[in-house]
Amino acid sequence: MLLIHCPYCGERPEIEFSYGGQAHLARPARPADLTDDEWAAHLYLRDNPRGLHAERWRHVRGCGRFFNALRDTTTDRFAGTYKTGESAP
Amino acid sequence: MGRQSWSGLSLLWQSLSRHRGWREQWRKPEPKPAYDAVIVGGGGHGLGTAYYLAAEHGLTNVAVVEKGWIGGGNTGRNTTIIRSNYLFDESIAIYDHAVKMWETLAQVLNYNVMYSPRGVMMLAHTVHDAQMLKRILHANRANGVDNEWLSPEEAKAFCPPLNIGTDIRYPVLGATLQRRGGTARHDAVAWGYARAADALGVDILENCEVTGIRRDAGGAVEALETTRGLIRTRRVGVVAAGNSSVVMRMAGVRLPLESFPLQAMVSEPVKPVFPCVVMSNAIHAYISQSDKGELVIGAGTDAYTSYTQRGALHVDMHTLEAICELFPCFRRLRMLRNWGGIVDVTPDRSPVIGTTPVPGLFVNCGWGTGGFKATPGSAHVFAWTLAKGEPHPIAAPFSLERFRDGRLIDEAAAAGVAH
C-alpha cells in the first residue's frame, strides 16, 4: 500500500485516497471550435508514461480535497505532491 | 526443421528410447536483417497472430520480437477464464469467435492447451445485478450464445462449495451459467502457438526489446530499432499489452489507454473441490481450481497507473474477504503466492484492433483485464487485418476511430464492475 503525502493533512495510507488520473488536463476553452479528432483526444487520449507521471489524487476519506502528485510509474515512488493550481515540482 | 508431431504413440516411443529424442519446441534464431512482417509482443495474442499469418495467409517471413521470454508477461499471469457472455453484439461476435476456436485449438496446434469447458457461473447479489445479468443472458441467446439462469439452489447444486445463506453481506440471489465457458492452461497456449508458428518458419526473438520505430519520408514504417539490432520491415503489428502505449509512442501515436496493475493469487494445492469457474463482478471475486489443485483467484486492478507488475495487498484482501464469505470452506486455506500483471485499459473496456494513422503500423491492444479468453479469436482476426491491410469484419467495430466517432462498445457499464 502506498503512503501518500496529502499537502493538507500529511502522510496517510493509500486507502484514504481515490485516484483521479492524469493531471493538468484543461477543458478546451471553446469546445465547439474543436474538430472531432481534437475532442476525442481531449476526452480519451492519455500519456500513460513509463516513468514520471503527473496525476490527480483526492483525499476522499480525509480532508476531501483534490491535489496533484508526481509519481514514477516504474517504481510507484512519489517525487512529490502539490496543491491544485500549483505547477509540478 | 519440421515440427515434431506429438501423440500417445510418440510418448510411448520416447519413453522406450529414454526420452532422448525430444526436440526443442522452437528455435532460438538470430534476427534476420529484414522481415515481411514483425509482431511486437510475444504473448498469446502476438504469437497467435504470427501463427495465423503463416498458416492462413502464407506469410512466413515473419518475426515475433519479445522483450522478455515467452509466457513471461500477461499470458502467464492471468487467471485463464474463458467465456463469451458479453453484452454487446460486437463483443459477443469476437469473444465467441474465440470460444469456438478454443474447442479445437489443441488439435490444430498439436499441443494440449487443456481447454476445459467446465462452465462459468456469474453471481447476482442484488436486484440490479440480477436484472443486468439477465439482460446479458438474453443478449447472448439472441446472438446464439449459450447462457442460462440458475436459482440459488441450482447454483449450489452446480457448485457445492457456494454459500447461498441469506445472512451474508452480499447473498446470492441467482446466477448465470455459460456451460461452454471454462479455463485453459495459459502457458501451453503461448508455447503451443510459439511451437506451431516456429514450425512454419516464424522467427521468435526473445530478449529483443523494441527501442524505436523508424519511419520513411512518407511517414510509413520502415524499420524497428531493437536491443538485438535494426530489423527492416514495412509491416508491424503491436500486441504489447500493458506496454502498448510505450511502443506506439515511438511512432508518434497516442492511444486511449491507461496501464494498471491487476493482481491474482493461488492457494496451496488441495484435492479437487471446485468444479467450475465462479465470478462475482459486484464484489470482485473470480475463482477456479487448476489441475494442480491450486485455487486460482483473481482480484481487481489497483487504483493507479503503474508498470511495476505488482500491486498492494489491500486489493487482494478485498477479494479474499469476498471469497471467504462466498466459500466458507476456504477460510483456513493458505495462499501460496500472489503476483501482478500490467493491463492496458481503454475508456470503454473494449479492445482496439486495427489500422493506425501510421501506414504499415497496426495495433491490437486494450484487452484490459480480460484478454486471455480472446487469444485465438483476437490473433485470428488481427492476422487477417495485418495480411490484408484492412480490418477483419469482426475486428472492424474495434477500430481506433470509434473514439472519434462516438461508437464506443461500452462493456465497462455492461460489466457493472466498479472500475
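Just so you know, these numbers come straight off a predicted model, no measurement behind them. Order of the sequence lines sets the chain letters (A, B, ...), proteins ahead of strands, with each chain counted from 1.
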Side chain to side chain, A:Met1 and B:Leu313, heavy atoms closer than 4.5 Å: no

Any A:Asp76 side-chain heavy atom under 4.5 Å of B:Tyr304 side chain: yes

Side chain / backbone / both / neither for A:Asp47 at chain B, heavy atoms under 4.5 Å: both

Toward chain A: residues of residues 244-251 of chain B with heavy atoms under 4.5 Å: B:Ser245, B:Val246, B:Arg249

Taking every non-hydrogen atom, the tightest pair across A:Thr75 and B:Arg310: O-NH2, 3.4 Å

Euclidean distance, B:Glu401 CD relative to A:Asp37 CG, rounded to 0.5 Å: 8.5 Å

B:His128 atom NE2, neighbour heavy-atom count above 12 within 6.0 Å: no

Under 4.5 Å from any heavy atom of chain B - which part of A:Glu38: neither

Min side-chain heavy-atom separation A:Arg71-B:Thr305 under 4.5 Å: yes

Side chain / backbone / both / neither for A:Leu2 at chain B, heavy atoms under 4.5 Å: side chain

Straight-line distance of A:Arg50 CZ to B:Ile342 CD1, nearest 0.5 Å: 8.5 Å

B:Met335, CE atom: more than 12 neighbouring heavy atoms under 6.0 Å: yes

Proximal component of B:Asp405, with respect to chain A [non-hydrogen, under 4.5 Å]: neither

Derivation and outcome, side-chain contact (heavy atoms from CB on, under 4.5 Å), residues A:Tyr44 and B:Leu408: CA-CA 11 Å; A:Tyr44 299 121; B:Leu408 303 188; 3.3 Å; yes

Toward chain B, the part of A:Ile15 with a non-hydrogen atom under 4.5 Å: side chain

Heavy-atom neighbours of B:Arg254 CZ exceed 12 at 6.0 Å: yes

For the student: nearest non-hydrogen atoms of B:Tyr307 and A:Asn48, plus distance: OH-O, 2.6 Å

CH2 on A:Trp39 to CZ on B:Phe403, rounded to 0.5 Å: 16.0 Å

Atom CZ of B:Arg407 with >12 non-hydrogen neighbours under 6.0 angstrom: no

Candidate pair A:Arg46 and B:Leu257, rule side-chain contact (heavy atoms from CB on, under 4.5 Å), full reasoning: CA-CA 6 Å; A:Arg46 296 293 177 263; B:Leu257 293 180; over 6 Å; no

Heavy-atom pairs under 4.5 Å with chain B, option from A:Asp36, A:Leu43, A:Thr35 with the top count: A:Asp36

Minimum heavy-atom distance between A:Glu14 and B:Ala312, given as atom pair plus value: OE1-CB, 4.1 Å

